[in-house]
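The block underneath contains the structure these notes are about, expressed in structure tokens.
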Amino acid sequence: MAPAQKPRVRFAPSPTGYLHVGGARTALFNWLFARHEGGALLLRIEDTDVERNRPELVDGILEGLKWLGIEWDEGPFFQSQRLDLYRAAAERLFASGAAFACYCKPAAYAGADAAPDEAEEGEGDDEGPKTQKKVACPCRDLSDAERATRETSGVPRAIRFRVARAGTTKFEDAVFGPREVQNEEIEDFVLLRSSGLPTYQLSVVVDDIDMRITHVIRGADHLSNTPKQVLLYQALGAAPPIFAHVPLILGPDRTRLSKRHGATSVGSYAEEGFLPEAFRNFLALLGWSPGDDSEFLRTSELVERFSLSGVSRTNAVFDRPKLEWFNTQYLQKPPVEELLPYVEAELKRAGLWEGSQASRDRAWFAHVVDLIRSRTRLLGDFTSWARAFFTDDFDYDAEAREKFWKDERLAAMIEKLAAALAALPDWNHDACDAALRALATAEGVKAGLLINATRVAIVGRAVAPPLFETMTVLGKDRVVGRLRRALPVLSSR
RNA sequence: GGCGCUAUGGUGCAACGGUUAGCACGCGGCCCUUUCAAGGCUGAAAUACGGGUUCGAUUCCCGUUAGCGCUACCA
């Protein structure tokens, strides 16, 4: 048995924008596939369009991948540094007659907009076929003499692939199945621009051959152009890889995801406080399913269960609420220790880490995070509503005051509570509980009144973990201090 | 316009000829409860439409419709 070659896949973004959700999902699928198969993932930057290329965006894309935990085994390679390779390939194809020189001026796409407009408005039966049909480039059949004339007159020249006028081109797609198209549907596409730079069709094939890519996993928007590439593989004498086109991710309005759908760069999700693993889990389930109803799949399980056969053919809508749900799951299910680094970073960002108890006492930090986490949705929650767990510098939420500090007897009772708590020999859940309830009984009020008021006094909000647990982790000094600090505000009512 | 792909609740996925069409998010209700979550239970909610094939179609075929993609010297 010849050992099957290890799969080699690649993620090939072009630096014309940040790493968006769709690209991230494609990268993730490639990565999961590579890991599952024990193959290699290459990273290739497709920067052959000097017009739209923004080199400074490359770092952002790399950062996005790193945040997602997607590491590549080779690269990044830059196509802009491999131009000789593409030119050589184009020359070879030209020399063999598989390609020809084209002297036409580049199509004016400005007119592409105008033409359809006319077709719509002029509801007419105008005879003229305004729609530009796929008309073969006249340069395809230029005689040597005609060619020589143009060469000498210095007309810029592009290289086009000579597509057979008859027959069909077929290939196998791991997701969409066997594909076959009529060659007459394929135009003589450009390989090398008159600038000497390769087009996507050329560079992608040359590189995938050169880098020995075995599986091309990419967005389904490339499905229609794949026959062109298959033709190129054949002309270049190479065996095509296995293609696997994955469905696109759409916005809530079912149109292609774009800036107007709000956050579409993975970086913005990082900033918003999503956990990479939650994001990964969510993304993996967009266009892929393990085959059963499992949804909470940690990364190791994703790698273990990923398969191209589970990839769907239907476009998926990006559902933010579900993403948030995944984040809550990852905020509360894994062992707290896994969460600590993220919360620590969040606290540092908010300037709450230096000199805090959290920074000095890891066990305490873990305990507090564990107490809060089932109530958080985003990492930012640890420094917003849960701020009082990490600093004395917090204010009282207006709604909480309105709701729980209304009773005018509260000031006196809270003062007594502070004294009672201060006198407690042991500081623990039950002791606090007993002290508070005893006071409530003595005062003839329901414990809830004191409990709710106390909560607002010690954490500033109506939302917090169970009071006595909160008191326990905060410690006697802080609790008593905060109760007394609330007195002026309470009595001013 | 041409070519192609797709079509299960609002959303993401299951059911790969036979199920009371399942799960999850979201939404409503109940339980738990000192707040808010979490958790448990529960309700509403889907096979786009029309033809076939078949004893039997969500599932296979055709058409319609809709959405999306490609149709650039963009990727």
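Throughout, protein chains are lettered first and strands after them, A, B, ... in sequence-line order, and every chain is numbered starting at 1. Everything numeric here is computed off the predicted structure, so don't read it as measured data.
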Which part of the nucleic acid, if any, lies within contact of [X], taking any heavy atom under 4.0 Å across all strands shown: a base, the sugar-phosphate backbone alone, or nothing?
X: A/P465; value: base
X: A/S203; value: nothing
X: A/P252; value: nothing
X: A/Q329; value: sugar-phosphate
X: A/G219; value: nothing
X: A/E295; value: base

Original post:
Does a side-chain N or O from A/S289 land closer than 4.0 Å to OP1 or OP2 of B/A14, or not?
Top reply: yes
With sequence neighbours left out, what residues match [X] under side chain to side chain contact (heavy atoms under 4.5 Å, CB included)?
X: A/E151; value: A/Y103, A/R157
X: A/P13; value: A/F11, A/L43, A/I45, A/I61
X: A/D188; value: A/F100, A/R140, A/R160, A/V163
X: A/R92; value: A/A89, A/L236

**OP:** Apply salt bridge (Lys or Arg N to Asp or Glu O under 4.0 Å) to A/D221 and list each qualifying residue two or more places apart in sequence or on a separate chain.
**Re:** A/R256
Pairs under 3.5 angstrom, nitrogen or oxygen only, protein versus nucleotides 40-44 of chain B, please.
none

[M] and [N], which share atom name [atom1], separated by this distance in whole Å:
N: B/A46; M: B/G10; atom1: P; answer: 7 Å
N: B/C61; M: B/U6; atom1: P; answer: 10 Å
N: B/A57; M: B/G52; atom1: P; answer: 11 Å
N: B/G28; M: B/A38; atom1: P; answer: 13 Å
N: B/G39; M: B/U33; atom1: C1'; answer: 12 Å
N: B/U20; M: B/U58; atom1: C1'; answer: 15 Å

Relative to each other, are the rings of [X] and [Y] parallel, tilted or perpendicular (30° and 60° limits)?
X: A/Y396; Y: A/F394; answer: perpendicular
X: A/Y269; Y: A/F318; answer: tilted
X: A/F306; Y: A/F29; answer: tilted

Polar atom pairs between nucleotides 58-61 of chain B and protein, under 3.5 Å, N or O only, would you list them?
none

Dump the pairs, protein N or O against N or O of nucleotides 4-10 of chain B, anything under 3.5 Å, distances to one decimal.
from : atom 1 : to     : atom 2 : distance (Å)
B/G4 : O2'    : A/R179 : NH2    : 2.9

**OP:** Enumerate the residues from residues 446-454 of chain A whose closest heavy atom to RNA chain B is under 4.0 Å, giving them by residue number; use none for an empty result.
**Re:** A/I451, A/N452
Subject >> Passing candidate, side-chain contact (heavy atoms from CB on, under 4.5 Å) with A/F274, options A/V266, A/N327, A/L331 >> reply: A/N327
Subject >> Distance in angstrom units between A/L283 CG and B/U11 P, rounded >> reply: 19 Å
Original post:
Picking from B/G22, B/G12, B/G69, which would you name as closest to the side chain of A/D293?
Top reply: B/G22
Subject >> Range-with-range stems for RNA chain B, at least three Watson-Crick or G-U pairs under 3.5 Å >> reply: B:1-7 with B:65-71, B:10-13 with B:22-25, B:27-31 with B:39-43, B:48-52 with B:60-64
Subject >> For A/F390, all residues meeting ring pair (Phe, Tyr, Trp, His ring centres under 6.0 Å), sequence neighbours excluded >> reply: none
Subject >> Residues forming a ring pair (Phe, Tyr, Trp, His ring centres under 6.0 Å) with A/F468, sequence neighbours excluded >> reply: A/H429
Original post:
Would you say the base of B/C73 and the side-chain of A/S195 have a donor-acceptor pair closer than 3.5 Å?
Top reply: no
